[in-house]
Protein chains: 2
Amino acid sequence: MTAAIIVALPTDAAVDYGGGVTDCASCVVRNRAICASLDADELALLGKLGRNHRVKAGHTLLWEGDDAPVVANVLEGVLKLVVAAADGREQIVGVVFPSDFIGRPFGKESPYSVTAMTDAEVCIFNRKSFDDFASAHPDLQHKLLRRTLDELDRARHWMMLLGRKSAEEKVASFLLEMSERLSGQGCGAGTQSGFELPFGRQQIADILGLTIETTSRQLTRMRAEGLLDLPSRREIVIHDRAAMEAIAG
Amino acid sequence: MTAAIIVALPTDAAVDYGGGVTDCASCVVRNRAICASLDADELALLGKLGRNHRVKAGHTLLWEGDDAPVVANVLEGVLKLVVAAADGREQIVGVVFPSDFIGRPFGKESPYSVTAMTDAEVCIFNRKSFDDFASAHPDLQHKLLRRTLDELDRARHWMMLLGRKSAEEKVASFLLEMSERLSGQGCGAGTQSGFELPFGRQQIADILGLTIETTSRQLTRMRAEGLLDLPSRREIVIHDRAAMEAIAG
DNA sequence: ATTTTTCGTTGATCCAGGTCAATGTTCCAG
DNA sequence: CTGGAACATTGACCTGGATCAACGAAAAAT
């Protein structure tokens, strides 16, 4: 379970690993990422520590159990956080979108793998440098704390889903949450009922603690009952949101 | 799902609700709680905001969904964090021990209920006052961030257990984790193999996402196989730790 | 355009763990 | 010490979701 980190570390700046230099001022997630807590001077300082980097779909940025030398902000794309058992069983324990933060600041090995589900772009920091910078910038740390508290709330509600909900309830809950989070991504104001999932059936199963077959059957049944439409592999259109919420519980 | 908060709020200091005044300097968790980040002056200031309070086993300190007006440190006892479904199904999403932090700082309603599993003593703060104090004390906030990151790691590994492990693996993992956390409590240096759980079978089931019957059967079977002993209702003695770890995966 | 590969659906069957029910055990209260 | 309540164990049975297997459909490669 060991792998080379495929990114340029800031300390290796003499060599060009292909990581683009960061220009925070024009960053697409400038106002949504934790960096939003910084003023222009601080931002310039942080910018020197960060390197933009592209990750192809399916590639892994951090490996569970490895010493994690980097943290990052997501600029574009969707990545999954995965905890795996020795025999290959996988549980997706988090899904991160643009402006979300990746990695484990302040010591410790990475408690999970981070893998791109779509082609992605991330702004990477050497962990030690980031830790030092964060320690010196309480506002940044405050943002990070709020984010971590939110993530913890989300994780705990997902524990309820994993431990106590039926397959039907799991799928309904999942579709509603994805509908919300994905519409939060784009510019659309309200929650639209149609959306495109950034991943396939197996990954839905790994999020819900189900098999791919059960996941597929639940979706097919919901379509048969008129709750939703499946125009293509990854598109979902929820017809009866109220009914879906009733099922999700 | 609404209930009166049964504690004295600092702002009502004119009235005695029975909450004891806090003396941080002599606090039993002084060096382990987040307060350890503060110097004597800061501690005195925080002490004015806090009130010690006793909670009887089974009583609930915070209710899921209510506006949560307080946060707290645990001084003594064990409490559970619970997410419940409308039909009564419960999932325990966290267990807190002395020196652990309770509550949801920085806005929002409480995402779960907090209920004492044993008689407990907590040091309570008005949330707003605590938020302000924390915002003004980066070291405290740093401690809180580290704790929250640790909790998040723990929660995510618990998600793997809930979503992907068998009943046998769940019980084995649970016993090992409890063995560690409970020995961390006492003064014993190493991890002893015998310990007393602070809760009953139903609550183990609610932690593992199982029924009480399945939990009981797994324990009985493990005893029959010589893996452990069950000297009394709440006592566990692990005989073959290596085997237990192999099962936990 | 055709082959190959990957991904998704559907069916048949099985079994881990849930459900229902009875019994045993521990712990208080009186 | 006794009766009862709460908790735990055990048994019989059932079912939701896993597993095994085949097939279909879309995308990627040639």
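Computed from heavy atoms alone, side chains included, the values below leave out hydrogens, waters and symmetry copies. Chain letters run A, B, ... following the sequence lines, proteins first, then strands; residues in each count from 1.
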Is a side-chain donor-acceptor pair under 3.5 Å present for T60(A) with T115(A)?
-> yes
Verify whether one side chain among E235(B) and S232(B) offers a donor that lies under 3.5 Å from an acceptor in the other.
->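 Distance-only check passes for E235(B) and S232(B).
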Closer to the 5' end of DNA chain C via nearest nucleotide, is it I212(A) or K165(B)?
->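 The residue closer to the strand's 5' end, by nearest nucleotide, is I212(A).
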Interatomic distance where [atom1] belongs to [X] and [atom2] belongs to [N] [whole Å]:
X: R164(A); N: dG16(D); atom1: CZ; atom2: P; result: 17 Å
X: R234(A); N: dT6(C); atom1: CZ; atom2: P; result: 15 Å
X: E196(B); N: dT26(C); atom1: CD; atom2: P; result: 15 Å
X: E213(A); N: dG16(D); atom1: CD; atom2: P; result: 18 Å
X: L197(A); N: dC7(C); atom1: CG; atom2: C1'; result: 15 Å
X: E235(B); N: dT26(C); atom1: CD; atom2: P; result: 12 Å
X: Q202(B); N: dT26(C); atom1: CD; atom2: C1'; result: 18 Å
X: D87(B); N: dT19(C); atom1: CG; atom2: P; result: 10 Å

For DNA chain D, determine which residues of residues 214-221 of chain A have any heavy atom closer than 4.0 angstrom to one of its atoms, and list them numerically.
->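 Only T214(A), R217(A) qualify.
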Run the salt-bridge test on E169(A) and R164(A) with the 4.0 Å N-O cut-off and return the result as yes or no.
->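 So E169(A) does not pair with R164(A) through a salt bridge.
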With the threshold set at 4.0 Å, does a side-chain nitrogen-carboxylate oxygen contact exist between D153(B) and R104(A)?
->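 Counted as a salt bridge, because a side-chain N and a carboxylate O are separated by less than 4.0 Å.
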Distance-only donor-acceptor hits, side chain of residues 211-219 of chain A, under 3.5 Å, sequence neighbours excluded:
{"from": "T211(A)", "atom 1": "OG1", "to": "T214(A)", "atom 2": "N", "distance (Å)": "3.3"}
{"from": "T211(A)", "atom 1": "OG1", "to": "T214(A)", "atom 2": "OG1", "distance (Å)": "3.1"}
{"from": "T215(A)", "atom 1": "OG1", "to": "T211(A)", "atom 2": "O", "distance (Å)": "2.9"}
{"from": "Q218(A)", "atom 1": "OE1", "to": "R221(A)", "atom 2": "NH2", "distance (Å)": "2.6"}

Using atom names, set out every protein N or O paired with an N or O of nucleotides 22-27 of chain D below 3.5 Å, distance rounded to 0.1 Å.
none

With sequence neighbours left out, the residues meeting salt bridge (Lys or Arg N to Asp or Glu O under 4.0 Å) with D100(B) are R147(B), R181(B)
Return the minimal non-hydrogen interatomic distance between Q91(B) and D206(B), and the atom names on each side.
-> NE2-O, 2.9 Å
Return yes if the base of dC7(D) and the side-chain atoms of Q203(B) contain a donor-acceptor N/O pair under 3.5 Å, otherwise no.
->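 No such pair is found, so the answer is no.
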What residues form a ring-ring contact (aromatic ring centres under 6.0 Å, His included) with F101(A), not counting sequence neighbours?
->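 For F101(A), the residues satisfying ring-ring contact (aromatic ring centres under 6.0 Å, His included) (neighbours in sequence not counted) are F130(A).
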Non-neighbouring partners of F199(B) that pass ring-ring contact (aromatic ring centres under 6.0 Å, His included), sequence neighbours left out | none
Could you work out which one of dT19(C), dG8(C), dG17(C) sits closest to the side chain of S166(B)?
-> dG17(C)
Measure from the side-chain heavy atoms of R201(B) and tell me the nearest of dT9(C), dA8(D), dA18(D).
->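 The closest nucleotide is dA8(D).
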dG18(C) phosphate, OP1 or OP2: any side-chain N/O from T211(B) under 4.0 angstrom?
-> yes
